[in-house]
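Structure first, commentary second.
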Amino acid sequence: MAKSGFRGGVPGGGMNMNMNMMRRAQQMQQDLIKMQEELENQEYKATAGGGAVTATASGKREIVSVEIDPDAVDPGDVEMLQDLITAAVNEALRTAAGAAAENMSKLTGGQIPGF
């Protein structure tokens, strides 16, 4: 029995679909690189203790600065200041991560698990 050249799918359309998918993937990759560069250049601030401590994180999820209101410094309660710093830093990092996830979701239409 002779075998035909057709193996399922769309006759003659497979090549065009693959090329379109490749173009979309390349465009998505370029958009992702651009978005990552933009995110890395942004800064995200968060405060704790009613503004007593402000932490700033970069889009690279690195702490850029920590500002402490002098009134928040009580030598008798260093533990409270440590807690405020930790809270502000963690919130700044969460904000940076949330912005990255939101932008990724916009780029991919929410199709990538874990973002």
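Here the structure is a predicted model, which means the values were calculated and not measured. FYI, the numbering just counts along the sequence from 1.
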*asked:* With rounding to the nearest 0.5 angstrom, report the CD to OG distance, Gln42 to Ser58.
replied: 10.5 Å
*What's the shortest heavy-atom distance between Leu93 and Arg61, and which atoms?*
CD2-O, 3.5 Å
*Give, for atom CD of Glu102 and atom CG of Leu39, the distance between the pair rounded to the nearest 0.5 Å.*
10.0 Å
*Are any non-hydrogen side-chain atoms of Lys45 and Glu67 less than 4.5 angstrom apart?*
yes
_Closest heavy-atom pair and its distance - Ala46, Ala88_ = CB-O, 3.7 Å
*For residues Ala55 and Ala92, report the shortest heavy-atom separation together with the two atoms involved.*
O-CB, 3.7 Å
*Would you list the pairs meeting side-chain hydrogen bond (donor to acceptor under 3.5 Å, both in side chains) in which at least one residue belongs to residues 72-81, sequence neighbours left out?*
none
*List the steps, then state whether side-chain contact (heavy atoms from CB on, under 4.5 Å) holds for Ile85 with Ile68.*
CA-CA 8 Å; Ile85 292 169; Ile68 302 170; 3.8 Å; yes
*Indicate if Val64 and Leu84 have the same hydrophobic cluster label, given that clusters are the connected sets of ILVMFWY residues with side-chain heavy-atom separations under 4.5 angstrom.*
no
_Check for me, please, whether Tyr44 and Val66 land in the same ILVMFWY cluster - side-chain distances under 4.5 Å, paths through other members count._
no
_Taking salt bridge (Lys or Arg N to Asp or Glu O under 4.0 Å) as the definition, give me every residue that meets it alongside Glu62, ordered by chain and number, with sequence neighbours left out._
none
*Mind checking the CD-OG1 spacing from Gln82 to Thr86? Nearest 0.5 Å is all I need.*
7.0 Å
*Got a second to check how far Met21's CE is from Met28's CE, nearest 0.5 Å?*
11.0 Å
*Flag yes if Ile63 and Val53 sit in one hydrophobic cluster, no otherwise; membership is Ile, Leu, Val, Met, Phe, Trp, Tyr, and two members link when side-chain heavy atoms are under 4.5 Å apart.*
yes
*With sequence neighbours excluded, give me every side-chain hydrogen bond (donor to acceptor under 3.5 Å, both in side chains) pair touching residues 24-36.*
Gln27-Asp31
*asked:* Keeping Ser105 on the side-chain end and Ala101 on the backbone end, is there a donor-acceptor pair under 3.5 Å?
replied: no
